[in-house]
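Down below is the structure, laid out as structure tokens.
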Amino acid sequence: MAVTGPAELLATWEAGLDRQSAGRALLLHRAARPGADTDALLSVPLGERAADLFALRRALFGDRMQVKIDCAGTECGAAMEFELDARELGAARPQLPAGGLRVAEGEWEVAFRLPGAADLTAVSAVAADEADARRRLAARCAVSAARGGREASADEVGQLPGAVLDRFARAAEQADPGAELTLNIACPECGAATPAELDIAAYLWTELDAWARDVLLDVHLLASAYGWSEPEILALSPLRRRYYLELCADV
């Protein structure tokens, strides 16, 4: 992966300031896949997008990720801090079986594709509850469906039985294990297990936000001291920029 330059990263950060989480995730994915169009990015399976973002994170900030959560124990609540490996977490890419995701249950035979970000966004905008979201997501991802040996209608696909939905969910999880990363952390104080979902897009955005604000402070200090423009300052390596900042502090 080609590492995106500081000017481009600042532009990504600036564009995401007034966006919600889905918009920020798209901007980060575009930074991970320069040149890819929006529709293509939104259709990428969720685990593949996560792998792309882990690769971007490694290129920008390294392999080691610091995570802090509070123990979920009823009488504990201790603060826990641990380290994760972005290389290891980003290794899980989708592995579709031969012929794609095919579910046979009772009178139903359905072929599915893996969900992408566009599917989740569309479903969350209209779903009445979790059960409705599951049905809508399965219907969007159904490539073909047969019921009792005949082609199923769109209305029938929109009302797939629970057993088919369960089989689809299990097949999708097996084929795309990186789509949702949930960690179970044992508390060193009380031993209780605390589940924690790792959203790499949100994690990476938090890091990018902190980095961008630090860089802009550097630009302000160096522009004030030397009269350099922002592009000139951003063209400096981080090491040289830090050296000039130390010289400013010594004056």
Does E197 CD have over 12 foreign heavy atoms under 6.0 Å away?
yes

With side chains defined as the heavy atoms from C-beta onward, is the minimum distance between F82 and I69 less than 4.5 Å?
yes

Could you grab the distance from atom CG of L60 to atom CG of L56, nearest 0.5 Å is fine?
4.5 Å

So, for P94 and L114, which heavy atoms are closest and what is the spacing to 0.1 Å?
CB-CD1, 3.8 Å

Candidate pair C248 and L221, rule side chain to side chain contact (heavy atoms under 4.5 Å, CB included), full reasoning:
CA-CA 8 Å; C248 292; L221 294 174; 5.9 Å; no

Linking Ile, Leu, Val, Met, Phe, Trp and Tyr by side-chain heavy atoms under 4.5 Å, what else ends up with L120?
L46, V123, L137

Exercise: identify the closest heavy-atom pair between W205 and G16:
CH2-CA, 3.6 Å

As an exercise, state the distance from CG of L245 to CG of L236, rounded to the nearest 0.5 Å.
9.5 Å

Salt bridge or not for E156 and R150, using N-O below 4.0 Å?
yes

From CZ (R64) to CG (D85), nearest 0.5 Å
4.5 Å

Can you tell me how far apart OG (S237) and CZ (R242) are? Round to the nearest 0.5 Å.
11.0 Å

Taking all heavy atoms of A138 and all of F112, pick out the closest pair and write down the distance.
O-CE2, 3.4 Å

Rounded to the nearest 0.5 Å, how far apart are NE2 of H29 and CD of E48?
7.0 Å

Is the closest side-chain heavy-atom distance between C71 and M80 below 4.5 Å?
yes

Salt-bridged, D52 to R93, with N to O below 4.0 Å?
yes

For the backbone of A118 and the side chain of T121, can you confirm whether one donor and one acceptor N or O come within less than 3.5 Å of each other?
no

Is there a path of hydrophobic side-chain contacts, each under 4.5 Å between heavy atoms of I/L/V/M/F/W/Y residues, joining W211 to V67?
yes

Any heavy-atom pair between the side chains of R241 and I233 that's under 4.5 Å?
yes

Mark yes when over 12 heavy atoms from residues, nucleotides or ligands other than E83 sit less than 6.0 Å from its CD; otherwise mark no.
yes

Keeping D132 on the side-chain end and A128 on the backbone end, is there a donor-acceptor pair under 3.5 Å?
yes

Let's go through V110 and L101 carefully: what are the C-alpha distance in whole Å and the side-chain angles of both, what is the deciding distance for side chain to side chain contact (heavy atoms under 4.5 Å, CB included) to 0.1 Å, and is it a yes or a no?
CA-CA 8 Å; V110 188; L101 294 182; over 6 Å; no

Are more than 12 heavy atoms, taken from residues, nucleotides or ligands other than Y243, located less than 6.0 Å from that residue's OH atom?
no

Just wondering, more than 12 heavy atoms not from E81 lying within 6.0 Å of its CD?
yes

Under 3.5 Å, side-chain donor or acceptor atoms of residues 168-195 against the rest of the protein: list the pairs with distances, not counting sequence neighbours.
unit_1: D176; atom_1: OD1; unit_2: G47; atom_2: N; d: 3.3
unit_1: D176; atom_1: OD2; unit_2: G47; atom_2: N; d: 2.9
unit_1: T194; atom_1: OG1; unit_2: A72; atom_2: N; d: 2.9

Is a donor on one side and an acceptor on the other found under 3.5 Å between the side chain of E232 and the backbone of S229?
yes

Examine L27 and I200 and state if one hydrophobic cluster contains both, with Ile, Leu, Val, Met, Phe, Trp and Tyr joined whenever side-chain heavy atoms are less than 4.5 Å apart.
no

If you compare all heavy atoms of V44 against all heavy atoms of R49, which two are closest, and at what distance to 0.1 Å?
CG1-N, 3.7 Å

Find the distance between CZ (R134) and CG (D129) and round it off to the nearest 0.5 Å.
11.0 Å

Lys/Arg N to Asp/Glu carboxylate O, E207 vs R57, below 4.0 Å
yes

Side chain to side chain contact (heavy atoms under 4.5 Å, CB included) assessment of L217 paired with R213
CA-CA 6 Å; L217 178 58; R213 295 176 190 277; over 6 Å; no

To check you understand the geometry: which heavy-atom pair defines the closest contact between W108 and A152, and what is its length?
CZ3-CB, 3.7 Å

Common cluster, M65/F61, ILVMFWY with side-chain heavy-atom separation under 4.5 Å
yes

Can you tell me if CD on E14 sees more than 12 non-hydrogen neighbours from other groups inside 6.0 Å?
no

Out of curiosity, does L9 fall in the hydrophobic cluster containing L17 (side-chain heavy atoms, cut-off under 4.5 Å, transitive links)?
yes

Could you check whether R30 and T12, counting side-chain N and O atoms only, form a donor-acceptor pair closer than 3.5 Å?
no

Counting neighbours of CD on E130 that are heavy atoms of other residues, nucleotides or ligands and sit closer than 6.0 Å, is the number greater than 12?
no

Short question: side chain of R113, backbone of R140 - any donor-acceptor pair under 3.5 Å?
yes

In a check of side-chain contact (heavy atoms from CB on, under 4.5 Å) between F54 and each of L198, L204, L84, D63, which one passes?
L198

Specify the closest pair of heavy atoms between A201 and L28, including all atoms of both residues, with the distance to one decimal.
O-CD1, 3.4 Å

Is there side-chain contact between V157 and R147, with at least one heavy-atom pair below 4.5 Å?
no

Could you tell me whether Y244 atom OH has more than 12 heavy atoms of other residues or ligands within 6.0 Å of it?
no

Answer yes when D119 and R136 have at least one side-chain N-carboxylate O distance shorter than 4.0 Å, and no when they do not.
no

Check: L160 main-chain N/O paired with R135 side-chain donor or acceptor under 3.5 Å:
no

So, D209 and R24, do they make that salt bridge, N to O below 4.0 Å?
no

